[in-house]
Number of protein chains: 2
Amino acid sequence: MTVTIKDVAKEAGVATSTVSRTLKDSPLISETTKIKVRAAMAKLGYTPNFAAQNLANKSTRTIGVILPVATMGNPAQNPLFLEMIQEIGVVCNEKKYMISLATGKTLDELKDSVRLMHQRKLVDGFILLYSEANDPIRKFLHEGKIPYVLVGKPDIYENETLYIDNDNRLTGKNATEWLLQNGHTQIGYIGLTPSQLVDKLRYEGYRDALLEADLEVFPELSFETSADFEGFQTFITENKPTGLVVADDRLALQVREYLQQQHLRVPEDISLISFNNSVFATLSHPFLTTVDIHVKELAKQAAMLIIHYLQEPETLMSKVIVPHEVVERETVKKMNQNA
Amino acid sequence: MTVTIKDVAKEAGVATSTVSRTLKDSPLISETTKIKVRAAMAKLGYTPNFAAQNLANKSTRTIGVILPVATMGNPAQNPLFLEMIQEIGVVCNEKKYMISLATGKTLDELKDSVRLMHQRKLVDGFILLYSEANDPIRKFLHEGKIPYVLVGKPDIYENETLYIDNDNRLTGKNATEWLLQNGHTQIGYIGLTPSQLVDKLRYEGYRDALLEADLEVFPELSFETSADFEGFQTFITENKPTGLVVADDRLALQVREYLQQQHLRVPEDISLISFNNSVFATLSHPFLTTVDIHVKELAKQAAMLIIHYLQEPETLMSKVIVPHEVVERETVKKMNQNA
DNA sequence: ATGAAAGCGCTAACAA
DNA sequence: TTGTTAGCGCTTTCAT
């Protein structure tokens with residue numbers, strides 16, 4: 001049989017409560033007995049039973065990590081998520097928390113999974129790894145007053161939610177400015193699906209930068225349907241951009257690919273700056289000049305924030321903004337200033 | 001307060017044991033009372049408490065998923081892992097199991113995490129998502145007689161472990177044969193770190209194919225240190241291979257990149273066939289001809305196997321081999337047969 | 001077919 | 001400073 005607190009108590013010749021207190025290093029217990037008890041624990045190889053603790057405590061030291069469903073920007077394809085999970089793992093290991101995972105093929109499945117985890121008291125709180133507009137999962141969390149932190153920008157309830165994010169608007173602005181500083185003046189923007197808030201904000205940042213520089217702002221371009229491609233083509237021939245801000249590294253790879261097919265060289269003919277600094281950035285030349293958003297830091301902060309919040313729920317709803325930086329590589333050409 | 005089994009019992013006017021039995025749809029309870037009890041549950045919005053069930057049952061319906069540590073072929077970079085996790089999630093949702101994650105920056109940290117999960121009875125069993133030679137984690141699992149299934153080939157205890165794998169040797173052979181069938185006769189092999197068993201097996205498959213065809217077998221090449229590059233260079237100039245079997249898609253991308261730098265065109269001058277059919281295969285042209293190993297299937301089978309095993313531990317230690325197939329794309333050139 | 005009651009392993013209020 | 005004991009919510013044996 002497994003060794004329980006009773007066995008330890010008997011072995012040490014004390015009461016179970018003494019053992020329990022020793023476990024949490026309570027100041028009520030004298031050092032001498034603590035030592036005695038610890039010896040007994042070591043001798044018997046005792047480890048507290050989680051379920052029993054949870055039951056008595058009404059707290060599981062585990063946090064639920066919610067992955068996006070496969071349909072929205074398939075996470076299986078996006079290395080950022082695993083990186084975040086790993087980082088959350090590191091923080092959790094440190095703080096002796098456990099990670100439970102919520103995934104699903106559909107939003108309903110995901111919601112069921114989240115609901116189950118919560119109702120059955122499997123987790124104390126959640127980390128929502130993505131941010132979408134009108135997300136039913138977030139709605140559920142919010143309405144159930146379930147503790148969670150959001151990685152990304154909240155579309156609603158902004159003042160009532162804990163979140164971690166970059167300053168995405170600034171991120172978009174800085175990327176654009178990078179192009180500006182390199183002498184580009186005709187700059188386009190290629191985005192992802194518009195339901196992602198990030199995208200919207202980055203575009204706004206792009207606009208801010210160009211407006212400030214008194215340059216022409218172009219509408220957001222897409223790169224999915226064949227209509228998009230035609231639109232892109234037209235944009236290129238009509239406006240002859242020398243620089244493109246692209247919402248994501250992977251997308252930038254596609255864009256680079258497409259341009260090369262059209263015999264437009266990157267960066268000689270068109271420069272590219274993208275976001276995330278993911279694996280994709282350094283896969284093949286020209287390596288991508290990209291904005292590093294420090295995903296690991298994002299994840300780490302998220303984990304620390306939720307754990308902190310669970311321990312002291314009275315804390316004010318704080319948000320933390322993680323800085324970003326441009327990583328210069330090979331897709332931005334320095335234009336001849338006096339050309 | 002949360003609604004417990006007692007509340008339901010009171011509401012339905014029965015004993016708690018009756019409610020408990022209704023929960024598991026026990027044949028001991030009459031349909032009529034079941035209906036009554038279910039109505040009460042629905043009315044109160046009852047959900048059983050996991051911790052309490054675990055405590056009474058000595059079983060958590062959760063399985064631990066073990067990710068490799070960051071040092072070995074950094075998983076954060078490898079999209080396969082997330083894909084597997086997602087797939088495991090699907091199976092778990094279906095079977096009402098939960099997923100707990102074990103990660104770590106170092107092997108020690110990872111082992112601690114695994115040990116904790118097990119000792120504190122947080123999980124019933126594990127899925128080990130990777131297979132390395134002399135893996136201390138696996139040793140721990142094996143020696144502790146902890147239920148687990150391995151994704152990949154076991155280096156030891158082969159007959160005493162549940163595992164899911166491809167026939168990796170065949171995989172290597174088929175890849176090589178693909179090149180052979182396309183008229184290639186000078187074929188090299190580029191591998192990953194040799195501690196990975198997969199790699200070793202694929203190389204053996206490569207050798208098998210060439211031996212059978214009576215062609216020259218070259219030693220396994222690496223692609224990491226600068227010495228490796230020199231070795232590769234020498235290999236190219238001395239042997240003038242027309243085809244290369246590359247252990248992984250991502251690696252193939254690097255190889256393709258390198259070759260292009262050397263003004264060797266893929267596939268016109270050198271053909272490439274790799275493994276995994278991951279995101280990397282279709283990122284940029286020429287798209288990779290690659291062996292699809294059906295990771296999702298691997299993960300799915302792993303989840304089903306461990307769950308099955310947990311429910312019926314008497315089952316014989318089975319292994320399941322998932323089939324593979326070559327996905328033809330753009331990196332293998334059909335050689336002129338009558339050249 | 002149903003109920004009463006004794007655990008499962010741990011915590012914490014209360015007593016000493 | 002330490003012990004006694006009543007839960008935490010559920011399962012299951014043993015009665016009935």
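Note: hydrogens, waters and symmetry copies are ignored here, and every other heavy atom, side chains too, is used. A, B, ... follow the sequence lines: proteins, then strands. Residue 1 opens every chain.
- Atom pair A/K10:NZ and C/dG9:P shows a separation of 13 Å (rounding to whole Å applied).
- Between A/D124 and A/T60, the side chains place a donor N or O and an acceptor N or O closer than 3.5 Å (distance only, hydrogens not considered).
- Between B/S20 and D/dT11, a side-chain N or O to OP1/OP2 separation shorter than 4.0 Å is present.
- A/R21 has its CZ atom 9 Å from the C1' atom of D/dT1, to the nearest Å.
- Under a 3.5 Å cut-off, the side chain of A/T62 and the backbone N or O of A/L122 do form a donor-acceptor pair.
- Comparing C/dG3, D/dT11, C/dG9 by their closest approach to the side chain of B/A56 singles out D/dT11.
- A donor-acceptor pair under 3.5 Å is formed between the side chain of A/R61 and the backbone N or O of A/K96.
- Scanning all heavy atoms of the two residues, the minimum distance from B/T4 to B/Y46 falls at C-CE1, 3.6 Å.
- Toward the 5′ end of DNA chain D lies the nearest nucleotide of A/E31, the other residue of the pair A/E31 and B/T47 mapping further downstream.
- Spacing between atom CG of B/L122 and atom P of C/dG9 amounts to 15 Å, rounded to whole angstrom units.
- Applying side-chain hydrogen bond (donor to acceptor under 3.5 Å, both in side chains) to B/E11 and the options B/K36, B/K6, B/K43 leaves one that passes, B/K43.
- Rounded to an integer number of Å, the gap from CD1 of B/I35 to P of C/dT2 is 12 Å.
- The aromatic rings of A/H118 and A/F126 lie tilted to each other, with the angle between the two planes from 30° to 60°.
- At whole-Å resolution of the value, CG in B/N49 and C1' in C/dG9 are 14 Å apart.
- A straight line from CG of A/N54 to P of C/dC8 spans 18 Å, rounded to a whole angstrom.
- In this structure, A/K6 atom NZ and C/dT11 atom C1' are separated by 14 Å, rounded to whole Å.
- Comparing B/T16 and B/K36 by the nucleotide of DNA chain C that holds the closest heavy atom to each, the one mapping nearer the 5' end is B/K36.
- Residue-level contact check: A/V19 touches neither bases nor backbone, having no heavy atom under 4.0 Å from any strand.
- Closest contact between the side chain of B/N57 and the listed nucleotides D/dT11, C/dG3, D/dG9 involves D/dT11.
- Contact check on A/D112 versus A/R115 returns a salt bridge, with a Lys/Arg side-chain nitrogen under 4.0 Å from an Asp/Glu carboxylate oxygen.
- Under 4.0 angstrom from either OP1 or OP2 of D/dT2 there lies no side-chain N or O belonging to A/S17.
- Within the structure, a side-chain polar atom (N or O) of B/S30 is placed less than 4.0 Å from OP1 or OP2 of C/dT2.
- For the residue pair A/Y163 / A/E158, a side-chain donor-acceptor distance below 3.5 Å is found, with atom types taken as modelled.
- When the side-chain nitrogen and oxygen atoms of A/K58 are compared with OP1 and OP2 of D/dG9, one or more of them lie within a distance under 4.0 Å.
- In this structure, CD1 of B/I5 is placed 7 Å from C1' of D/dG9, rounded to the nearest angstrom.
- For A/T2 and C/dG9, the shortest distance from a side-chain N or O to OP1 or OP2 is below 4.0 Å.
- Taking every heavy atom of both residues into account, A/N54 and B/A51 meet most closely at CB-CB, 3.7 Å.
- The residue A/F50 sits apart from the nucleic acid: no heavy atom pair falls under 4.0 Å.
- Of all the residues in residues 22-29 of chain A, A/L28, A/I29 reach under 4.0 Å from DNA chain D with at least one non-hydrogen atom.
- For the helix from C/dA1-D/dT16 to C/dA16-D/dT1, the end axes, each set by the C1' atoms of five terminal pairs, are bent relative to each other by 40° (nearest 10°).
- Not one side-chain nitrogen or oxygen of A/Q53 sits closer than 4.0 Å to the OP1 or OP2 atom of C/dG9.
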